[in-house]
Trainee: 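Sharing a structure, written as structure tokens. Questions coming.
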Number of protein chains: 2
Amino acid sequence: MSTPAAAAPGSEENWLRLDSQICFSLQAASRAFNGVYRVILKDLGLTYPQYLVMLVLWEEGELPVKKLGEHLRLDSGTLSPLLKRLESAGLVRRERSARDERSVEVRLTEEGTALRERAVRVPRRIVAATGLDLREIGELRERLDQLTSALDTAALEEELGDGG
Amino acid sequence: MSTPAAAAPGSEENWLRLDSQICFSLQAASRAFNGVYRVILKDLGLTYPQYLVMLVLWEEGELPVKKLGEHLRLDSGTLSPLLKRLESAGLVRRERSARDERSVEVRLTEEGTALRERAVRVPRRIVAATGLDLREIGELRERLDQLTSALDTAALEEELGDGG
DNA sequence: CACAATTCAGTTGTGCACAACTAAATAGCC
DNA sequence: GGCTATTTAGTTGTGCACAACTGAATTGTG
């Protein structure tokens, strides 16, 4: 916090500060985004994850819970209650697929479709809030996606018994 | 997902894709980090937020809940139950301050102090998992902190009635 | 001293993330 | 057909984030 430059870089001790930085900064940024979205989405009555679900539905039309989860990297444990809330808010309907009864199709109601009109202003405000231009955003996004895929790979390898 | 370059950049419609990208990428990276930490910290019996608390305590010694929250940007609603869990795990003690009875001092137990020995290996594994070198990490961190502070400022302005 | 405002930890309630599990439906194989 | 394995939503339980509130202690002011 007060001494940005760590001494004796070879020492494991000092790593106990460094390491937390990148993931901590990342989480702080993620939560800061969440805060901005919270304020902006309040008008629409959506949380940020709900907004993401609506984005996918506006783009893809109807789709099963499974596909939705793949788009957003969320499992049914997260999506099921979230979708129930969207349903009781009157924005989506959930119906068992006729051709595969295991699957549940999620589709927009008229109200859900109509909400798009009001949501269309959100992105510009978000981009403005970042203070970045589109190029910078693109660069940062690229770095982050790269980082995510490296981390995913590493997590898999760790899980497979590489004790470090 | 499939068409990285959006057409007709002037259209508000297309922003409904773009915007989600940066924050989505950010959250994805944040969750990916969480996944790696989950695997690595399992041995220590800590979650990632608990690990962050321990990092601060290892660095700062004892300190009141309030200060802890300032370091980690967390409020008592998050910290109180978390600290209870750390306490029942035998890693910390919580005691009302003698000089100010509103304040609760959090301090390490012997066991909590001893855990540092085993935690000292975590950072290196995390850094390795990112696939980045320390310079790249520093650069990314700087960008993210900048972004966070821009977002915090914007959230404040939004909240103060700037209807966008 | 008395009184209002502030500070601090804690509680409650809502919502998300994820692991582990259940139950039902489907697919593949004999 | 009968069997197992897989797929798919859903449920349960744990933990975190945060808003709103409570209650106790402290501070500031007269």
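In what follows, every chain begins at residue 1, and chains take the letters A, B, ... in the order their sequences are listed. In what follows, every heavy atom counts, from backbone to side chain, and hydrogens, waters and symmetry copies are set aside.
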Trainee: Tell me every residue that passes side chain to side chain contact (heavy atoms under 4.5 Å, CB included) with A:Val104, counting only those two or more places apart in sequence or in another chain.
Mentor: A:Val65, A:Arg94, A:Arg96
Trainee: Could you check which residues of residues 90-97 of chain A get a heavy atom under 4.0 Å from DNA chain C? Sort them by number, please.
Mentor: none
Trainee: Which residues pass the salt bridge (charged side-chain N to carboxylate O under 4.0 Å, His left out) test with A:Asp100, not counting sequence neighbours?
Mentor: A:Arg102
Trainee: Can you pull the side chain to side chain donor-acceptor pair (under 3.5 Å) pairs that have at least one residue in residues 129-140 of chain B, sequence neighbours excluded?
Mentor: none
Trainee: Could you work out, with side chain to side chain contact (heavy atoms under 4.5 Å, CB included) as the rule, every residue matching A:Thr109, not counting sequence neighbours?
Mentor: A:Arg93, A:Glu111
Trainee: Could you tell me which residues satisfy side chain to side chain donor-acceptor pair (under 3.5 Å) with B:Arg107, sequence neighbours excluded, listed by chain and number?
Mentor: B:Glu62, B:Glu95
Trainee: Distance check needed: C:dA17 P versus B:Tyr48 OH, whole Å only.
Mentor: 17 Å
Trainee: Would you mind telling me which of C:dG10, D:dT8, D:dC18 lies closest to the side-chain atoms of A:Ser103?
Mentor: D:dT8
Trainee: Using whole Å, report how far CG of A:Leu41 lies from C1' of D:dC18.
Mentor: 16 Å
Trainee: Taking only N and O in the side chain of A:Lys84, is any of them less than 4.0 Å away from OP1 or OP2 of D:dT11?
Mentor: yes
Trainee: Can you list every pair that meets salt bridge (Lys or Arg N to Asp or Glu O under 4.0 Å) and has a residue in residues 143-155 of chain B, with sequence neighbours left out?
Mentor: B:Arg73-B:Asp152, B:Arg141-B:Asp145
Trainee: Polar atom pairs between nucleotides 19-27 of chain C and protein, under 3.5 Å, N or O only, would you list them?
Mentor:
residue	atom	partner	partner atom	Å
C:dT26	OP1	A:Glu101	N	3.2

Trainee: Would one find a side-chain N or O of B:Lys66 under 4.0 angstrom from OP1 or OP2 of D:dT26?
Mentor: no
Trainee: Would you please name every residue forming a ring pair (Phe, Tyr, Trp, His ring centres under 6.0 Å) with A:Tyr37, sequence neighbours left out?
Mentor: A:Tyr48, A:Tyr51
